[in-house]
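Structure first, then comments.
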Amino acid sequence: MLNTLTLKQALDKLEKKEITLQDINSDVKSAIEKLNKDLNVYLTLNEQKITDQETTAPLAGLPIAVKDNYCTRDLRTTASSTVLDNFIPQYDSTVITKLKKAGGHIVGKTNLDAWAHGSSTETSQYGRTLNPRNTDHLPGGSSGGSAAAVAADLCLASLGTETAGSIRQPSSWCGVVGLKPTYGRCSRYGVVAMASSTDSPGPITKTVEDSAIILNYIAGHDKYDGTTSNQEVPDFTQFLDQDIKGMKIGVVYTDIEGLEEIKELFIEQVKIFEKLGATVEFVKAMDPHHAIGVYTIIQRGEVSSNLGRFDGIRYGNDRSFFGHEAKNRIMLGTYTLSKGYADQYYNTAQKVRTLFIEDYQKLFQDYDVLISPTSPGYAKKVGVSESSAMFGELEDMLLEPSSIAGLPGISVPCYRDPKTNLYLGMNIVAPMFREDLVIKVGDAFEKNTKWNTWRNK
Amino acid sequence: MSNKITIQQVQHIANLANIPVDDSEAERLAQGFEETLETIEDLKAVNTEGVEPTHQVTGMENVLREDIVDKSRTFTQEEALANAKQTHQGFFVVPRIIKK
Amino acid sequence: MSKSNYNLVCGMEVHAELKTNSKMFCGCKNDPFGAQKPNIYTCPVCLGMPGGIPVANKQAIEWTIKLGLALNCKINLFSKFDRKNYFYPDLPKAYQISQYDIPFCYDGVIETSYGPIRITRIHLEEDTGKLLHKKIKGEDVSLIDFNRSSVPLIEIVTEPDIKSPEQAKEYGKALRDIIRYLGIGDCDMEQGGMRLEANISIRKEGESELPNYKTEVKNINSFRFVEQAIKYEMERQEEILEEGKTPKQETRGWDSDKSVTFSQRTKEDAEDYRYFPDPDLPPIRFTKEQIEQIRDELPELPVVLVSRWEKQYNVEPRFSELLFSSQDEAKWIEDIFIMSEREGIKVNKIANTMVNKKIDFKYSDKPSDLVAKYKSANATDDISDEEFISVIKKVLENNSDAVARYKDGQTQLVNFFFGQTMKTLGKKVDAGYLKKLLQKELEK
């Protein structure tokens with residue numbers, strides 16, 4: 001079935017004229033018809049025809065799944081909330097404009113935790129998405145739909161967004177590759193804003209190679225987003241198939257409480273880097289528990305402000321349509337920003353953020369990359385997110401420090417439990433604008449281990 | 001500082017946030033608030049003396065645009081109104097509000 | 001009105017729209033008043049659509065600094081934009097991008113004929129959309145037009161230094177004149193290009209502490225109304241204070257039909273705007289050199305210009321002040337003055353003539369054409385004082401008995417002497433000047 005090809009494989013075969021775009025799309029379509037009803041990956045399928053411009057551009061019109069918080073012209077965009085149930089944007093996000101220009105064809109809009117608040121996709125107002133690896137379990141979130149779309153081969157690659165874990169954590173739970181670029185590497189214009197100071201659009205793909213290909217096309221300065229960097233965008237595919245001999249790798253967070261289930265498995269996987277000639281050291285980083293507080297305050301404060309515009313007057317439905325989780329975040333954000341509390345909470349959080357940034361700067365003087373487990377455990381069972389208001393933040397604890405510091409990170413599958421078919425992920429973090437390092441190390445790990453579904457067919 | 005949030009406090013915040021909340025929702029929300037606040041309290045243990053806040057991780061400054069009209073993003077009137085529930089002769093419509 | 005024992009303690013907040021080409025945070029056209037239809041100058045940013053992100057207009061920032069320097073303010077070399085969060089249908093993002101604790105300009109001063117007024121701060125923000133109240137199919141609704149949304153708005157706040165309604169009016173006018181002169185705003189109050197608010201309280205004669213209350217009066221859209229509103233408030237507040245009570249801390253509107261202020265909203269439950277730095281807008285940092293360059297590029301301000309013209313060309317300020325409102329017009333006027341001097345024309349005279357519209361002119365005319373027009377209409381200056389006086393003396397000599405009757409009380413005879421002198425001279429004269437000389441001679 002051609003929908004199980006990686007993006008690169010499909011591009012190669014198309015070029016060699018071994019297959020046609022029709023063939024691929026037909027298989028993707030059949031897979032969607034077969035699986036989407038149960039998995040609930042896609043909220044909206046794209047009826048727009050593939051254009052000549054798309055087929056003659058580098059990505060050849062190949063099917064890409066897009067998280068439903070990217071505004072897509074003439075294609076319904078809901079952010080998985082009934083507030084936007086009927087919203088049809090009259091404009092494209094910059095990343096979508098770039099994707100289209102590169103020839104990527106949107107296959108459909110994927111499910112997410114409503115407003116991208118969450119780590120399970122259970123808070124979607126359109127029902128939860130199931131983990132294709134084991135449908136008793138959740139795909140993670142907030143980009144659960146995009147990660148599941150990749151894992152289930154309902155597309156050849158997808159786009160997600162990460163505020164603090166929302167690309168990497170679902171990628172880990174679904175056993176796929178998730179790349180969170182540096183904050184400012186990809187434009188946020190047209191993406192439904194969550195926490196403006198950490199939101200990062202990025203690819204979720206079958207292989208590290210595919211993520212490098214997608215990043216090439218979606219990264220870059222945008223005059224419509226004043227927080228995008230003028231840093232040159234290199235060809236990220238040149239960092240694949242590299243020798244990592246002599247690289248210095250620091251392993252962090254393995255001493256954190258709560259990782260007992262996976263600690264040994266993870267440490268076992270780390271040994272591969274030594275075999276490849278890198279030095280591996282276990283090192284202490286600033287306690288990620290503090291990042292939870294920082295992230296919670298900053299994110300909820302910014303969210304409460306960013307969601308103010310949804311009042312049903314110019315578009316969408318009124319504020320009574322917000323789900324419970326969204327209401328909770330908006331209210332808490334309003335509270336933390338409120339008179340008398342701003343200094344106590346918001347400013348303190350921004351100061352602790354500085355401490356994390358400085359801690360990373362110190363660590364990167366001694367190490368090229370830092371790795372840790374992506375998630376404290378395997379994908380959780382369906383229904384578990386309702387257990388606590390802080391569920392998401394606790395789940396994402398290991399990812400929040402790099403998110404609040406704006407650093408690039410990639411999650412690659414690093415173990416599969418044969419009994420449950422569930423995966424663990426390895427998170428690789430580098431200094432700002434050093435996606436080359438995370439791609440280099442991630443690719444080396446992927447090609448020298450057996451955890452990637454598509455490299456082991 | 002007690003973390004107990006009252007229903008009244010929740011309603012006050014709901015007003016500020018322009019979110020309709022009934023009493024049973026307010027109760028559920030109050031509980032969620034308290035849980036969240038407990039997590040945040042832990043931040044107080046961190047020593048932030050002499051530390052400057054980071055509002056912008058990019059460190060960028062002076063990102064400005066020239067004063068030129070850019071028609072490429074300007075909506076036509078139809079596009080601007082396309083998603084509104086109620087419009088009237090090119091205007092958006094809301095029920096009458098008291099003058100501010 | 002009998003003299004009051006109370007003194008006015010008043011500060012003003014003025015909002016002025018900047019006349020940039022594009023809006024403050026997006027490239028939409030800045031022309032809300034000129035737009036032929038509603039909602040034709042909007043985009044995802046200024047319409048508050050999902051994913052809309054602001055990028056700041058450089059010109060608007062430079063113009064804010066310009067105004068600050070013209071008003072003798074200090075400039076914050078490091079500054080930023082903050083979000084002011086509140087809900088209202090004309091505010092599409094549910095927050096207004098403004099400046100909270102680090103405004104671009106602060107600590108300035110402006111001179112008025114009643115004394116100086118300190119400028120607390122000047123900051124830059126964006127305007128809201130416009131609401132229109134209507135009845136449609138029997139229902140009361142509000143219509144919203146977002147053409148004005150995100151137009152750059154400058155806010156100037158003074159200390160409570162204003163001591164009289166007249167001073168408030170003068171301040172408003174002076175501010176408007178400077179903004180227009182710098183070429184950064186039109187300040188057309190009927191178009192909403194300038195909006196005035198006054199914070200008013202009164203205190204007993206001799207007291208120096210600030211009163212423990214103040215009333216904010218909003219929606220004043222003319223200078224005349226500012227004066228009236230302040231006068232009205234002073235009386236209203238005095239009545240309350242005389243009863244031993246304290247006026248309520250509140251916001252009041254001005255009803256121009258009834259000429260009264262009316263209560264709008266109490267300030268007890270002060271707004272909680274939850275200000276925080278806007279994460280979408282990187283901060284702004286100027287160097288001292290950049291500020292000095294903007295200062296160097298400041299034109300000579302009207303007040304300085306008028307004073308210089310008085311010294312250089314002997315032209316009275318009351319004429320100069322009325323002859324220009326923009327830098328281009330000032331330059332043109334000075335060209336007229338320079339040319340007039342060269343032609344031997346008294347500058348004050350031509351200024352007077354122009355002010356009193358005794359000669360038609362447009363700022364697009366060639367200065368030399370205007371001067372020539374004036375000369376032919378007023379060819380008087382080639383008569384020397386000696387010639388005048390000798391002719392006057394002759395006329396008076398030839399009509400000595402008329403002079404005697406004049407000195408006896410028939411002062412209307414001055415017109416006869418005047419006519420005779422004119423006839424004798426046979427040239428075009430400056431009547432006023434001639435009359436002056438004639439009077440002098442008659443008094444001898």
Side-chain angles (χ1 to χ4, degrees), chain A residues 86-91 183-184 197-198 223-224 226-229 289-290 292-294 296-297 300 304 308 311-320 322 324 327-328 330-336 338 344-345 347-355 357-358 388-390 393-394 404-406 432, chain B residues 1 5 9-10 12-21 25-26 28-60 62-65 70 73 75-76 78-87 92-94:
Chain A
N86 42 25
F87 177 56
I88 315 270
Q90 304 294 313
Y91 55 101
Y183 177 82
S197 68
T198 67
K223 66 179 178 181
Y224 294 144
T227 60
T228 52
S229 166
H289 282 93
H290 296 314
I292 301 177
V294 175
T296 303
I297 295 166
R300 292 186 187 195
S304 70
D311 55 15
I313 296 175
R314 289 149 286 120
Y315 51 88
N317 296 312
D318 64 64
R319 295 169 83 72
S320 67
F322 276 119
H324 177 75
K327 282 190 185 173
N328 191 42
I330 293 170
M331 304 266 283
L332 196 87
T334 305
Y335 175 71
T336 51
S338 200
Q344 190 182 95
Y345 296 121
N347 287 329
T348 305
Q350 299 286 33
K351 288 180 184 178
V352 177
R353 179 189 220 164
T354 304
L355 291 175
I357 292 171
E358 289 172 354
S388 150
M390 286 296 301
E393 282 80 359
L394 289 167
I404 65 179
M432 273 188 108
Chain B
M1 188 196 103
I5 308 283
Q9 276 177 291
V10 175
H12 171 70
I13 295 166
N15 280 331
L16 273 184
N18 195 19
I19 301 246
V21 156
E25 265 184 305
R28 252 198 319 169
L29 284 165
Q31 236 184 322
F33 272 29
E34 284 161 20
E35 244 190 81
T36 311
L37 286 180
E38 271 163 34
T39 316
I40 299 175
E41 287 298 311
D42 138 84
L43 264 192
K44 292 201 181 149
V46 183
N47 181 7
T48 57
E49 217 183 292
V51 180
E52 283 302 307
T54 298
H55 297 299
Q56 266 281 336
V57 294
T58 60
M60 292 197 294
N62 298 338
V63 181
L64 306 170
R65 32 173 276 276
D70 174 6
R73 279 198 303 180
F75 288 138
T76 61
E78 290 70 40
E79 285 169 338
L81 302 172
N83 283 285
K85 281 217 168 72
Q86 237 198 317
T87 66
F92 294 94
V93 181
V94 283

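Only a predicted model underlies this, so the values are computations on that prediction, with no experimental measurement involved. Proteins come first, then strands; the chains are lettered A, B, ... in the order of their sequence lines, and each starts at number 1.
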Closest contact, heavy atoms only, [X] versus [Y]:
X        : Y        : answer
A:Phe322 : B:Ile19  : CD1-CD1, 4.0 Å
B:Glu25  : A:Lys327 : OE2-NZ, 2.8 Å
B:Val51  : A:Thr354 : CG1-CB, 3.7 Å
B:His55  : A:Ser197 : O-CB, 4.2 Å

Report yes if the side chains of [X] and [Y] come closer than 4.5 Å at any heavy-atom pair, otherwise no.
X        : Y       : result
A:Arg319 : B:Pro20 : yes
A:Val294 : B:Leu43 : yes
A:His324 : B:Leu29 : yes

Going from [atom1] on [X] to [atom2] on [Y], what distance comes out if it is rounded to the nearest 0.5 angstrom?
X        : Y        : atom1 : atom2 : result
B:Ile13  : A:Leu332 : CD1   : CG    : 7.5 Å
A:Ser338 : B:Gln9   : OG    : CD    : 10.0 Å
B:Lys44  : A:Thr348 : NZ    : OG1   : 8.5 Å
A:Asn347 : B:Glu52  : CG    : CD    : 10.5 Å
B:Thr48  : A:His290 : OG1   : NE2   : 11.5 Å

* Would you find a donor on one side and an acceptor on the other, under 3.5 Å apart, between the side chain of B:Lys85 and the backbone of A:Gly316? -> yes
* Asked: Where the side chain of A:Arg353 meets the backbone of B:Val57, is there a donor-acceptor pair that is under 3.5 Å apart?
  -> no
* Asked: For chain A, which of B:Thr54, B:Val63, B:Thr58 has the most heavy-atom pairs under 4.5 Å?
  -> B:Thr54
What part of [X] is in contact with chain B, defined as an atom under 4.5 angstrom from a non-hydrogen atom: side chain, backbone, both or neither?
X        : value
A:Ser320 : both
A:Asn317 : both
A:Ala405 : backbone
A:Ile88  : both

* Sequence neighbours excluded, which residues qualify as side-chain contact (heavy atoms from CB on, under 4.5 Å) partners of B:Arg65? -> C:Ser22, C:Val55, C:Asn57
* Asked: Take atom CZ in B:Arg28; do more than 12 heavy atoms of anything else shown fall under 6.0 Å from it?
  -> no
* To do: For A:Thr228, check side chain to side chain donor-acceptor pair (under 3.5 Å) against everything at least two apart and list the hits.
  => none
* Structure fact -> Turns out that what part of B:Glu79 lies under 4.5 Å from chain A's heavy atoms comes down to both
* To do: Measure distances from B:Asn47 to the heavy atoms of chain A and classify the residue's part below 4.5 Å as side chain, backbone, both or neither.
  => backbone
* To do: Dump the intermediate steps for side-chain contact (heavy atoms from CB on, under 4.5 Å) on A:Gln90 and B:Asn83, then the final yes or no.
  => CA-CA 9 Å; A:Gln90 304 294 313; B:Asn83 283 285; 4.1 Å; yes
